[in-house]
Amino acid sequence: MIENSRIKETVQTAGPAKDLGRSPRVTLRRITSLDQDEFLERVHASVDLYQPRMSLPATPEAFQTFLGRFDEGQSAEGLLVCLRDTDAIAGNVNINSIIRGRFQGGSLGYAAFAPYAGHGYMSEGLGLVLRHAFEELRLHRLEAQIRPDNQASIKLVQRHGFRYEGYSPDLLFIDGAWRGHERWAITNDMIGIVPSAPHPTLPNR
């Protein structure tokens, strides 16, 4: 356990993270401790965009706790969508609650940051996330739980081929109450991104 913690700390603090994918305008990379100041600036500037639907760290202490959740796709992956020309952080995407074995799936959370929201950067970034999740992490399924009034988010997942799977009342505790959400999901074979080999935790039958 100590050895794994040291490895995780080294990954998060040793220099800029490498690109996990590139599109014409954005890159995808893991969040690291070096992103703290810019990430917090983006969070404070973007409160009106994501609250109350999503809660993001707003202090250095909260950021470090947030960072500690991620373990390079073992149980959660913290990713940033950055502009290719400046490396500015345009948004973040988390792959949460990764379950292996017969499920091989995770749950998406994402937010666009001001002043980059509304320019299609997150759409490009989500495309890179899907490829990373299905090729590199070798997941089979990704889910997004979305409030019915969040039409921008619904249009985003529709654009990438997610299918509507139903409505769950009282699904997530948000802004002081249990809120109902639509459930949207996509699998690797729906968009033809299949890993060269299954994840080693997938049973043979």
Side-chain angles (χ1 to χ4, degrees), residues 16-32 34-58 66 70 73 76-96 105-137 139 141-165 174 181-194:
K18 69 175 183 178
D19 291 348
L20 300 176
R22 288 180 168 237
S23 72
R25 298 187 298 163
V26 304
T27 62
L28 183 73
R29 62 178 177 82
R30 291 187 174 100
I31 191 170
T32 77
L34 298 177
D35 296 307
Q36 176 177 294
D37 291 346
E38 183 182 359
F39 188 90
L40 294 179
E41 288 177 8
R42 294 283 184 265
V43 166
H44 287 293
S46 310
V47 169
D48 291 341
L49 293 176
Y50 66 83
Q51 286 190 349
R53 298 185 183 98
M54 187 175 187
S55 177
L56 291 172
F66 177 72
F70 306 121
E77 180 86 288
L79 303 167
L80 296 177
V81 177
C82 301
L83 304 188
R84 283 190 64 166
D85 55 353
T86 64
D87 200 37
I89 299 173
N92 86 297
V93 181
N94 303 326
I95 306 176
N96 302 307
S107 178
L108 286 178
Y110 46 84
F113 291 148
Y116 307 111
H119 297 281
Y121 297 125
M122 287 301 290
S123 183
E124 289 186 32
L126 182 56
L128 298 176
V129 170
L130 295 181
R131 185 162 294 279
H132 172 66
F134 293 147
E135 287 186 349
E136 302 303 322
L137 300 184
L139 295 175
R141 173 185 171 90
L142 287 173
E143 302 177 1
Q145 293 84 34
I146 305 174
R147 293 284 300 278
D149 61 344
N150 190 352
Q151 288 300 307
S153 187
I154 290 173
K155 289 178 181 177
L156 174 63
V157 296
Q158 286 178 325
R159 195 175 302 126
H160 285 277
F162 283 64
R163 66 188 171 205
Y164 175 72
E165 294 191 336
I174 294 176
H181 286 67
E182 293 185 4
R183 303 188 318 278
W184 294 79
I186 192 168
T187 59
N188 57 5
D189 49 3
M190 285 171 62
I191 52 175
I193 303 178
V194 180

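All of these numbers come straight from a predicted model, not from anything done at the bench.
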Report task. Just do the side-chain contact (heavy atoms from CB on, under 4.5 Å) check on Glu77 and Leu137 with the steps written out, would you? Result -> CA-CA 10 Å; Glu77 180 86 288; Leu137 300 184; 3.9 Å; yes

Report task. Taking all heavy atoms of Ala133 and all of Leu142, pick out the closest pair and write down the distance. Result -> CB-CD1, 3.7 Å

**Report entry** Partners passing salt bridge (charged side-chain N to carboxylate O under 4.0 Å, His left out) against Arg159 (at least two apart in sequence or in another chain)
**Finding:** none

Query - Test item: Ile174 and His181 side chains (from C-beta on) under 4.5 Å apart, heavy atoms - result: yes

Query raised in the report: Which atoms form the tightest heavy-atom contact between Pro57 and Leu40, and what is the distance?
Result: O-CD2, 3.4 Å

Report task. Check side-chain hydrogen bond (donor to acceptor under 3.5 Å, both in side chains) between Ser46 and all other residues, then give those that pass, not counting sequence neighbours. Result -> none

Report task. Report the residues that fulfil side chain to side chain contact (heavy atoms under 4.5 Å, CB included) with Val47, sequence neighbours left out, ordered by chain and then residue number. Result -> Tyr50, Gln51

Query - Pairing residues for Tyr110 by the ring pair (Phe, Tyr, Trp, His ring centres under 6.0 Å) criterion, not counting sequence neighbours - result: none

Query - Close side-chain approach of Phe113 and Val81, heavy atoms under 4.5 Å - result: no

Query raised in the report: Among all residues two or more places apart in sequence or in another chain, which pass the side-chain hydrogen bond (donor to acceptor under 3.5 Å, both in side chains) test with Gln158?
Result: none

Report summary line: Heavy-atom closest pair (Ala88 atom, Arg42 atom, distance to 0.1 Å) is CB-NH2, 3.7 Å

Requested in this report: Name all residues meeting the side-chain hydrogen bond (donor to acceptor under 3.5 Å, both in side chains) criterion together with Asp189; count only those two or more places apart in sequence or in a different chain, and write none if there are none.
Outcome: Thr187

Requested in this report: State, with a plain yes or no, whether a side-chain heavy atom of Leu108 is found less than 4.5 Å away from one of Phe162.
Outcome: yes

Requested in this report: With the side chain counted from C-beta on, respond yes when Val93 and Leu28 share a heavy-atom pair under 4.5 Å apart, and no when they do not.
Outcome: no

Report summary line: Nearest heavy-atom contact between Asn188 and Leu139 is ND2-O, 3.5 Å

Requested in this report: To the nearest 0.5 angstrom, please state how far the CD1 atom of Ile146 sits from the CH2 atom of Trp184.
Outcome: 7.0 Å

Requested in this report: For Arg163, check side-chain hydrogen bond (donor to acceptor under 3.5 Å, both in side chains) against everything at least two apart and list the hits.
Outcome: Glu165

Report task. Applying side-chain contact (heavy atoms from CB on, under 4.5 Å), run through Ile154 and Tyr164 and close with a yes or a no. Result -> CA-CA 9 Å; Ile154 290 173; Tyr164 175 72; over 6 Å; no

Report summary line: CD1 (Ile186) and CD1 (Ile193) are apart, to the nearest 0.5 Å, by 7.5 Å

Query raised in the report: Closest approach of Gln145 and Ser107, non-hydrogen atoms and distance?
Result: OE1-OG, 2.9 Å

Query raised in the report: How would you list, by chain and number, every residue that makes a side chain to side chain contact (heavy atoms under 4.5 Å, CB included) with Pro148, sequence neighbours excluded?
Result: Tyr167, Glu182

**Report entry** Asp35 side chain reached by Arg29 side chain, heavy atoms, under 4.5 Å
**Finding:** yes

Which atom pairs, donor and acceptor, lie under 3.5 Å between side-chain atoms of residues 120-131 and protein residues at least two apart or in another chain?
{"residue": "Ser123", "atom": "OG", "partner": "His160", "partner atom": "NE2", "Å": "3.2"}
{"residue": "Glu124", "atom": "OE1", "partner": "Ser23", "partner atom": "OG", "Å": "2.4"}
{"residue": "Glu124", "atom": "OE1", "partner": "Arg25", "partner atom": "N", "Å": "3.1"}
{"residue": "Glu124", "atom": "OE2", "partner": "Arg25", "partner atom": "NE", "Å": "2.6"}
{"residue": "Glu124", "atom": "OE2", "partner": "Arg25", "partner atom": "NH2", "Å": "3.1"}
{"residue": "Arg131", "atom": "NH1", "partner": "Glu135", "partner atom": "OE2", "Å": "2.6"}

Requested in this report: Could you list the residues that satisfy salt bridge (charged side-chain N to carboxylate O under 4.0 Å, His left out) with Glu143, not counting sequence neighbours?
Outcome: Arg141

Query raised in the report: Who passes ring pair (Phe, Tyr, Trp, His ring centres under 6.0 Å) against Phe134, sequence neighbours left out?
Result: none

Report summary line: Looking only at heavy atoms, the pair that brings Asn96 and Asn94 closest together is OD1-CB, 3.5 Å

Query - Which residues share a side chain to side chain contact (heavy atoms under 4.5 Å, CB included) with Asp48, sequence neighbours left out - result: none

